[in-house]
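What follows is a short report on a single structure.
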Amino acid sequence: MKKIIIAVSALFITITLSAQDLITKVPSTASAVVSIKGKNVLQLMSLEEFSNSKFGSFLEKELMDESKGKLETLEDLGLDYNNTFHYFFEMNDGVYTNCFLIPLKDGKAFTGLLRNSKIKRTITEGNLSYIQNYRGDEITMWNEDVLMFVTSSDNKVKEESYSYYNNYQSEVAVEAVVEEAVDTTEENYYNSDAYKKEQEEREKKRIERQEKREEREKEFSQEVLDKAKKIITGTYANKSILSNKSYLKSLGKGKEEVSVWVNDFATIYEQAIPSYMLGNSFNPYNFMNIDKLYGGLSLVAKLNFNENEAVIKTEYTMNDEMAELYKPMYNGKINKNFVKYINEDNMLGYMSLNLSTEGVLKAYPNLASSLFDTGSGETISESVALGAKVFSLLIDEEGASKILRGDMFLALTNLTEKQVTYTDYEYDEDFNYKEVEKTKTETIPDFMFMFTSEEQEIFNRLVRIGVKEKQLEANNGVYQLIDLPKSTPFNIYVMYKDNTVFLGSSLKDMSAIQSGRFVSKLSGAHKKNITKNASSIFVNGKKIIAQIPVESFPRELRNKVDFLTSNTEDIKFNFQKIKGNSMKGELIWEIPSEGHKNSFVYFINMIDAMMD
């Protein structure tokens with residue numbers, strides 16, 4: 001039943017989009033697709049509203065200058081802003097294709113942007129017009145419905161270049177050996193018949209390579225043109241991207257303004273960095289199984305401009321084997337004592353990491369073996385696989401996790417101005433220099449770093465050694481590191497409490513924690529982000545900007561500090577634990593509750609403010 005529902009849904013999506021969307025022109029073999037949904041964007045901000053913004057007015061002025069007054073407004077461009085704009089990337093047999101698909105309402109309006117030199121180079125075939133550059137690897141093509149830009153790159157030509165370089169290097173090396181072996185003068189060698197014959201052969205090969213390269217470039221130019229025509233007409237032997245199950249699954253409800261889909265990183269990696277580019281001596285393809293790591297790995301990202309926030313949601317999907325290896329690494333438990341030592345009133349931001357040291361140590365040997373045990377017999381492959389096996393036998397994963405469990409938390413608090421020592425150089429008239437120690441004032445936050453450790457005895461022994469060697473100084477259970485570099489802008493203190501190791505720059509906070517006087521305050525939302533996610537990042541934008549001295553900003557931003565302070569809110573980034581074969585992430589950029597119709601308008605208003 002589930003398969004029938006999926007099939008019917010896919011058919012419905014295909015029929016709906018085929019009638020109105022340029023997505024049908026994207027081939028099923030595309031490796032990445034980016035889509036901007038014009039209709040959704042215009043619901044947030046009309047074209048007229050955008051044109052009235054400073055940024056929009058600037059773009060229209062540039063448009064007028066570029067078209068010599070033929071086009072005055074964005075509407076004059078003839079673009080169908082209510083439709084969806086697409087970009088896709090495709091790799092096939094060493095040929096990379098980048099294509100931009102732009103919907104048109106009036107194909108003739110676009111020609112208003114063309115200069116006379118380009119109009120003369122325009123070729124028209126029926127309702128299709130195009131301009132191809134002299135190399136043949138770039139094409140601008142359009143009809144009444146779509147404007148398309150295509151750029152292609154031919155790795156076959158590049159491979160020939162690498163082959164020529166390697167052969168040339170070999171010839172030079174052989175020639176050097178011959179020179180050394182021949183008992184004759186340099187002048188006689190370069191005048192000898194043998195040397196002249198070598199040069200003739202080398203020149204003959206060079207001409208052959210050049211002719212072959214020029215022939216391939218002509219072929220490639222025609223291939224790019226043929227490819228462009230297939231794209232714009234949507235005539236594919238293997239159908240469009242709408243026949244790709246992975247892409248169809250990524251579509252969702254379609255309410256986002258921007259979507260990104262990237263499929264099969266292994267293919268992208270192998271074609272983007274082909275084996276011939278890496279040589280033979282240390283070529284990872286010879287001893288690593290790239291497909292094990294990247295095979296089946298895909299990415300979906302969606303950007304929504306909501307009323308009170310802009311949200312980017314991501315989902316990484318991996319193959320079964322990698323999912324099973326990575327799951328134990330992120331199967332940690334956050335120390336609930338961490339939240340007892342956080343006060344959000346003083347907090348500029350934080351980052352939490354919820355890993356399992358035991359899971360990492362158990363998974364690492366299997367991951368290394370999977371990647372390097374290729375059966376190729378290469379020394380590196382065999383050595384890494386052997387090392388991973390020995391590592392798994394020697395390491396006590398459970399014991400190591402008691403020293404460092406894997407859950408960590410870093411908080412930044414209270415920006416303050418501090419004197420920082422640094423080394424500068426002074427020069428005399430003869431440009432001889434000497435080092436000079438100077439000081440400067442910098443605005444630096446305090447920090448508090450915490451991680452869980454059950455081994456208090458190890459901490460105590462390290463502290464006793466540090467005190468004895470005069471590297472630590474005791475202060476009621478808090479220990480200051482003594483021998484820091486002069487350029488360090490803060491003091492650093494360490495302590496242990498509640499199965500937690502603390503490392504921080506504020507003696508006041510550390511002492512309060514040690515004595516039980518620290519006043520904690522943390523909202524339920526922050527507690528949930530920290531405890532439920534594999535990783536969480538929070539930035540208090542308003543507080544950071546408000547605490548930075550005005551003179552610390554670049555000169556051009558100093559008169560905008562008040563605007564930035566009142567229009568900057570929180571930024572949050574969370575990565576969930578692995579579920580099934582996927583790992584989801586979410587970036588949230590909050591906007592002020594007043595002054596902006598929605599988050600898209602907010603960003604346009606911010607650009608306008610920076611343009612003043």
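Just so you know, these numbers come straight off a predicted model, no measurement behind them.
- For the residue pair Asn335 / Asp407, no side-chain donor-acceptor distance below 3.5 Å is found, with atom types taken as modelled.
- Side-chain contact, Tyr341 with Asp498: a donor N or O sits under 3.5 Å from an acceptor N or O.
- With a 6.0 Å cutoff to the six-membered ring centre and a 45° limit on the axis angle, Lys438 does not count as a cation-pi contact of Tyr422.
- Taking the six-membered ring for Trp and thresholds of 30 and 60 degrees, Phe575 and Tyr316 have ring planes inclined between 30 and 60 degrees apart.
- Taking the six-membered ring for Trp and thresholds of 30 and 60 degrees, Phe459 and Tyr479 have ring planes more than 60 degrees apart, a perpendicular arrangement.
- Ring planes of Phe100 and Tyr87: tilted class, angle from 30 to 60°.
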| said: If you apply the rule ring-ring contact (aromatic ring centres under 6.0 Å, His included), what do you find for Phe490 with Phe447, and how did you get there? | reply: CA-CA 10 Å; Phe490 39 66; Phe447 74 91; 5.4 Å; yes
Please list every donor-acceptor pair under 3.5 Å in which a side-chain atom of residues 579-586 meets a protein atom from a residue at least two apart or in another chain.
unit_1: Asn581; atom_1: ND2; unit_2: Met318; atom_2: O; d: 3.0
unit_1: Asn581; atom_1: ND2; unit_2: Asp320; atom_2: OD1; d: 2.6
unit_1: Ser582; atom_1: OG; unit_2: Glu315; atom_2: OE2; d: 3.3
unit_1: Ser582; atom_1: OG; unit_2: Lys579; atom_2: O; d: 3.3

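- A salt bridge is defined here as a Lys NZ or Arg NE, NH1 or NH2 lying under 4.0 Å from an Asp or Glu carboxylate O, and Glu457 with Arg464 meets this definition.
- One finds a salt bridge joining Glu569 and Lys542 here, because a Lys/Arg side-chain nitrogen approaches an Asp/Glu carboxylate oxygen to under 4.0 Å.
- One side chain, Asn574 or Ser536, offers a donor N or O that lies under 3.5 Å from an acceptor on the other.
- No side-chain donor from either of Ser511 and Asn476 sits under 3.5 Å from a side-chain acceptor of the other.
- A salt bridge links Lys37 with Glu256; the closest basic N to acidic carboxylate O contact falls under 4.0 Å.
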Would you list the atom pairs, donor with acceptor, under 3.5 Å between side chains in residues 411-420 and any protein atom, with sequence neighbours excluded?
unit_1: Lys418; atom_1: NZ; unit_2: Asp446; atom_2: OD1; d: 3.1
unit_1: Gln419; atom_1: NE2; unit_2: Thr441; atom_2: OG1; d: 2.7

| request: Could you check Phe409 against Phe449 for ring-ring contact (aromatic ring centres under 6.0 Å, His included), going step by step and ending with a plain yes or no? | output: CA-CA 6 Å; Phe409 185 86; Phe449 178 65; 9.2 Å; no
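- For Tyr350 and His526, the distance between ring centers is under 6.0 angstrom.
- Here Lys597 pairs with Glu49 in a salt bridge; the nearest charged N to carboxylate O distance falls below 4.0 Å.
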